[in-house]
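Remarks on the structure that follows.
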Amino acid sequence: MSRNAKGKSVRQRRIHRALREAAGTSEVVEAALADFRARYPAEHLPPLVIVIAALDEEAALPSVLAEIPPRIGSLDARVLVVDDGSTDRTAEVAEAGGALVCRLSRNCGHGVALRTGYRIAREGGARYIATLDADGQWDPADLPAMIELLEADKADFVIGSRQLGRTENTDAVRNLGVRFFSRLISFLTGTRVTDSSSGLRAMRAEITATVRQTQPQYQTSELLIGAILQGYRVAEVPTVMRVRRAGRSKKGHNLLYGLRYARVILRTYVRERFSRTASS
């Protein structure tokens with residue numbers, strides 16, 4: 001392999017953590033969607049689709065998929081794994097575990113991968129979308145209580161909260177950040193939220209289409225703030241955040257992650273509040 005080719009390969013393996021999408025992201029997504037449709041040409045999805053964005057999670061993913069039943073509450077469910085440019089066998093183990101798989105040719109960011117999954121779920125006819133992380137930190141056993149709130153029309157967007165339950169994460173800085181940012185969002189929006197960055201969520205599929213989403217990585221607060229300010233009802237259920245099953249976190253250094261997350265919160269709030277005022 002030439003030096004230039006090797007350098008290009010290394011650059012492609014870097015995890016996208018910027019606040020803007022990399023050039024060519026939309027082309028990568030459209031190519032992945034076209035490939036997905038070619039591989040699953042007549043796929044009609046059940047009422048509930050569980051979207052998992054995965055990056056180099058071949059070790060943890062099989063046990064996560066094994067925990068997800070084909071029915072959650074009263075609904076048939078299907079798992080959709082969006083492989084965010086993995087360099088390992090993430091896509092292969094996902095397919096072996098029974099999941100539908102959409103493959104992005106390079107790493108585009110967790111937010112981009114989730115939005116790709118949301119689009120597939122909506123276009124496939126799903127009424128509800130849930131999310132889980134590929135590392136096994138969130139327990140699918142908490143999903144029935146979340147779906148029940150949606151089905152009973154008591155909420156539009158449900159979060160699994162480690163603050164109402166408990167966390168096995170011993171990183172004191174990250175745990176403090178979860179509480180701080182949740183209180184900041186609660187203050188800004190006037191809606192009490194205890195866990196703004198939880199990866200365990202369930203929502204009406206329409207929310208993923210009506211709420212503006214632009215963040216390639218720090219997407220949890222953007223979707224949440226947008227949903228609240230558009231009038232969607234948000235609820236939380238207690239959950240336990242477990243230690244990851246295998247592999248390493250992709251979030252990066254705590255300080256940089258926190259600063260970027262804070263910036264996304266403030267920018268999203270200003271954008272959505274201004275948009276709401278201008279349209280009223």
Side-chain angles (χ1 to χ4, degrees), residues 26 28-54 61 64-84 91 94-104 108 110-134 138 140-160 199-214 219-220 222-224 226-227 230-235 237:
S26 61
V28 171
V29 170
E30 290 302 323
L33 290 171
D35 176 71
F36 180 87
R37 293 168 188 141
R39 288 186 293 114
Y40 307 102
E43 194 71 37
H44 182 74
L45 299 176
L48 173 61
V49 172
I50 301 162
V51 177
I52 300 176
L61 191 56
V64 174
L65 297 176
E67 287 186 305
I68 303 174
R71 285 184 64 85
I72 294 179
S74 62
L75 301 178
D76 289 334
R78 192 73 193 268
V79 179
L80 168 63
V81 173
V82 181
D83 182 350
D84 188 19
E95 289 178 335
L100 300 172
V101 178
C102 179
R103 301 171 181 169
L104 298 172
C108 296
H110 194 241
V112 173
L114 285 177
R115 289 198 295 276
T116 303
Y118 297 160
R119 181 173 167 184
I120 291 172
R122 291 195 311 269
E123 292 178 353
R127 294 205 309 269
Y128 306 111
I129 297 173
T131 63
L132 284 169
D133 288 349
W138 305 102
D142 295 313
L143 283 173
M146 301 168 74
I147 297 301
E148 183 179 351
L149 290 174
L150 298 176
E151 285 278 85
D153 197 28
K154 295 180 179 179
D156 305 304
F157 189 111
V158 186
I159 301 168
L200 177 63
R201 298 178 166 201
M203 68 202 84
R204 300 189 187 282
E206 68 184 67
I207 292 177
T208 66
T210 59
V211 173
R212 182 180 177 188
Q213 299 169 77
T214 64
Q219 84 297 328
T220 55
E222 183 181 39
L223 181 60
L224 174 60
Q230 286 193 24
Y232 289 107
R233 299 164 298 169
V234 175
V237 300

Atom pairs and distances, side-chain donor-acceptor, residues 31-39, under 3.5 Å, sequence neighbours left out:
unit_1, atom_1, unit_2, atom_2, d
Asp35, OD2, Arg39, NE, 2.9
Asp35, OD2, Arg39, NH2, 3.3
Arg37, NH2, Glu123, OE1, 3.1
Arg39, NH1, Glu95, OE2, 3.3
Arg39, NH1, Val101, O, 3.4
Arg39, NH2, Val101, O, 2.6

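Of all non-hydrogen atoms in Pro140 and Glu67, the two that sit nearest each other are CD-OE1, 3.7 Å. Leu149 approaches Ala235 most closely through the heavy-atom pair CD1-CB, 4.1 Å. Contact between Leu143 and Ala130 at its shortest, heavy atoms only, is CD2-CB, 3.9 Å. Smallest separation of non-hydrogen atoms from Ala202 and Ile147: CB-CD1, 4.0 Å. Here the closest non-hydrogen pair linking Ala53 and Ala113 is CB-CB, 3.7 Å. Closest approach of Leu80 and Cys102 over heavy atoms only: CD1-N, 4.4 Å.
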**OP:** Quick one: do Tyr128 and Met146 satisfy side chain to side chain contact (heavy atoms under 4.5 Å, CB included)? Show the steps, please.
**Re:** CA-CA 11 Å; Tyr128 306 111; Met146 301 168 74; over 6 Å; no
**OP:** Walk me through it: do Thr220 and His110 pass the test side chain to side chain contact (heavy atoms under 4.5 Å, CB included)?
**Re:** CA-CA 10 Å; Thr220 55; His110 194 241; 5.8 Å; no
**OP:** Evaluate the side chain to side chain contact (heavy atoms under 4.5 Å, CB included) criterion for residues Leu224 and Ile159: first the C-alpha distance (whole Å), next the side-chain angles of each, then the deciding distance (0.1 Å), finally the verdict.
**Re:** CA-CA 9 Å; Leu224 174 60; Ile159 301 168; 3.8 Å; yes
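Distance alone, capped at 3.5 Å, is enough to place a donor-acceptor pair between the Arg71 side chain and the Ser74 backbone. Side-chain N or O atoms of Thr131 include none that pairs as donor or acceptor with a backbone N or O of Val51 at under 3.5 Å. Looking at Gln219, its side chain never comes within 3.5 Å of a backbone N or O of Leu114 through a donor-acceptor pair.
The closest side-chain heavy-atom distance from Asp84 to Val112 is not below 4.5 Å. The shortest distance between side-chain heavy atoms of Leu65 and Ile52 falls below 4.5 Å. With a 4.5 Å cut-off on side-chain heavy atoms, Pro70 and Asp76 do not count as touching. Counting only heavy atoms from C-beta outward, the side chains of Ile207 and Ile129 never approach each other to under 4.5 Å.
To the nearest 0.5 angstrom, Glu222 atom CD is 8.0 Å from Arg212 atom CZ. Interatomic distance, Arg127 CZ to Leu150 CG, rounded to the nearest 0.5 Å: 10.5 Å. Atom OH of Tyr118 sits about 4.5 Å away from atom CE of Met203, to the nearest 0.5 Å. For the atom pair Arg78 CZ and Ile72 CD1, the distance stands at 13.0 Å (nearest 0.5 Å). Rounding to the nearest 0.5 angstrom, the gap separating the CD1 atom in Ile120 from the CG atom in Leu100 is 8.5 Å. Rounded to the nearest 0.5 angstrom, Thr116 OG1 and Asp83 CG are separated by 11.5 Å.
Here Arg115 pairs with Glu21 under the salt bridge (charged side-chain N to carboxylate O under 4.0 Å, His left out) rule; sequence neighbours left out. Partners of Asp156 by side-chain hydrogen bond (donor to acceptor under 3.5 Å, both in side chains), not counting sequence neighbours, listed by chain and number: Arg204, Arg233.
Residue Glu148 places its CD atom among 12 or fewer non-hydrogen atoms of other residues, nucleotides or ligands, all under 6.0 Å distant.
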